[in-house]
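The structure under discussion appears below in the form of structure tokens.
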Amino acid sequence: MQTYDLIIKKRDGQELEPEEIEFLIEGYVQGKIPEYQMAAMAMAIYFQGMGKEETVTLTRALVNSGETIDLSGIEGIKVDKHSTGGVGDKVSLVLIPLLASLGFKAPKMSGRGLGHTGGTVDKLEGIPGFRTDLGRKEFVDQVNRVGAAMIGQTGNLAPGDKKLYGLRDVTGTVDSIPLIASSIMSKKIAGGAENIILDVKFGKGAFMQEMDKARLLAETMVEIGKGMNRKIRAILSSMDQPLGRAVGNNIEVMEAINCLKREGPEDLREVVISLAQAAFQLENHDASREHAREKIETTWKEGKPWDKFQEIVQAQGGDLPTELPLATEFKFKADSSGFVNELDARLIGRCSVVLGAGRKTKEEEVDHQVGIYLQKKRGDRVEKGEVLASVYARDERVFNQAEPLLQKAWLIQENKTEIGPLIGDTID
Ligand code: URA
């Protein structure tokens with residue numbers, strides 16, 4: 001088999017056979033296929049796409065390129081959630097304890113934030129003593145005992161994806177649905193996921209800005225999951241504006257706690273409930289969403305998710321204070337009156353990186369105490385001089401650096417415009 005011939009085959013729009021895809025990934029990981037040939041192949045895939053069979057085979061080949069985590073020691077119905085990433089996305093912090101209090105097992109491995117979106121592990125590490133580095137046995141034992149654990153990613157999972165993603169990043173081939181879907185799914189499956197619920201974001205702050213592209217990504221990931229014998233469902237949720245009002249690390253943990261106590265923002269609660277409903281429907285296709293919602297609401301009213309969160313924190317060595325510390329508050333005010341018709345999630349995300357809450361490169365440390373609290377969101381009425389956001393910054397100089405981004409983030413107009421749906425379709 002010659003790599004050259006396979007590049008030509010894909011370039012001309014033909015489907016690759018499973019053994020050809022396996023040859024490519026194996027050869028690339030072992031260094032037998034050079035970067036320039038793989039770059040040409042990625043570009044051919046970018047333009048010609050991939051069929052369902054090819055996408056499933058590519059995912060399997062990426063999974064097989066490294067270690068896989070065996071979670072068979074966890075008893076019960078395991079549910080793994082994945083989000084394509086968003087600004088103010090603290091869904092896992094609420095959903096994982098909720099799933100555990102509903103009787104599911106929720107072993108959660110999360111990443112760190114990069115660019116304008118934050119990471120769950122960074123947020124949890126703001127809780128004094130909280131360990132995100134549990135060993136494999138500790139992780140499995142805790143999930144069996146408590147119902148859930150939240151840790152950082154471990155192991156050499158899908159190294160083929162890591163290498164290919166690095167290449168795509170510098171060759172203009174990231175933005176290809178089959179490559180993105182197989183990349184995400186290979187890491188999930190290598191991480192031991194069985195039942196999978198996906199939160200695919202669309203809108204300004206999302207990886208996939210247009211709803212149609214987000215839907216296609218969700219459909220492709222669901223197809224891959226099914227092709228690999230996983231139970232899987234996806235929801236589409238809006239990331240036009242940040243989720244909730246808090247963006248940062250400690251500030252998002254505090255908002256998630258409020259949500260767990262049923263005091264939280266409505267949009268966050270709705271996304272969490274939609275994902276929990278999807279988890280129920282994975283097990284029982286015919287279960288009605290209403291019935292699932294009733295069960296979720298009852299459990300939540302009984303205070304169980306909040307109790308479960310505290311149990312998880314304690315099990316992982318954390319000592320949760322009443323308030324997590326925040327940096328100095330600066331007020332960002334409106335310079336006109338009207339209705340907030342836009343609140344650009346991407347700009348708010350970039351602003352949080354300027355403050356130090358996120359990282360521009362993998363090596364940077366995050367500052368847990370800085371962040372933004374959005375006092376006014378889409379649809380709200382605002383008067384000139386009113387506070388649009390409380391900005392928690394280390395000093396005035398940093399606040400001044402963030403201000404130009406904030407100035408562009410809110411669109412305030414005389415007439416109120418329609419706001420699109422928070423939750424799009426469910427894909428199964
Ligand atoms: N995230 C991933 O993990 N892979 C991609 O290809 C794109 C986003």
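Counting convention: from 1, in listed order, for ligands and their atoms alike. Numbering of residues begins at 1 and proceeds along the displayed sequence.
- Scanning all protein heavy atoms for the shortest distance to atom 4 (N) of ligand 1 gives Ser183 OG, 2.6 Å.
- Within the 3.5 Å criterion, the main-chain N or O of Asp122 finds no donor-acceptor partner in the side chain of Glu125.
- Salt bridge status for Lys81 with Asp199: absent, with no side-chain N to carboxylate O gap under 4.0 Å.
- Taking atom 1 (N) of ligand 1 as the reference point, the nearest protein heavy-atom neighbour is Ile184 CG1, 4.0 Å.
- The residue from Met221, Lys213, Met185, Arg168 that alone fulfils the side chain to side chain contact (heavy atoms under 4.5 Å, CB included) condition with Ile180 is Arg168.
- Under a 4.0 Å N-O distance rule, the pair Glu15/Lys9 does not qualify as a salt bridge.
- From the protein, the heavy atom lying nearest to atom 3 (O) of ligand 1 is Lys187 NZ, 2.5 Å.
- Using a 4.0 Å cut-off to heavy atoms of Phe207, the atoms of ligand 1 that qualify are 7 (C), 8 (C).
- Of all protein heavy atoms, the one lying nearest to atom 5 (C) of ligand 1 is Tyr165 CE1, 3.2 Å.
- A cation-pi arrangement is not found for Arg378 relative to Trp410, the charged atom failing to lie both closer than 6.0 Å to the ring centre and inside a 45° cone about the ring normal.
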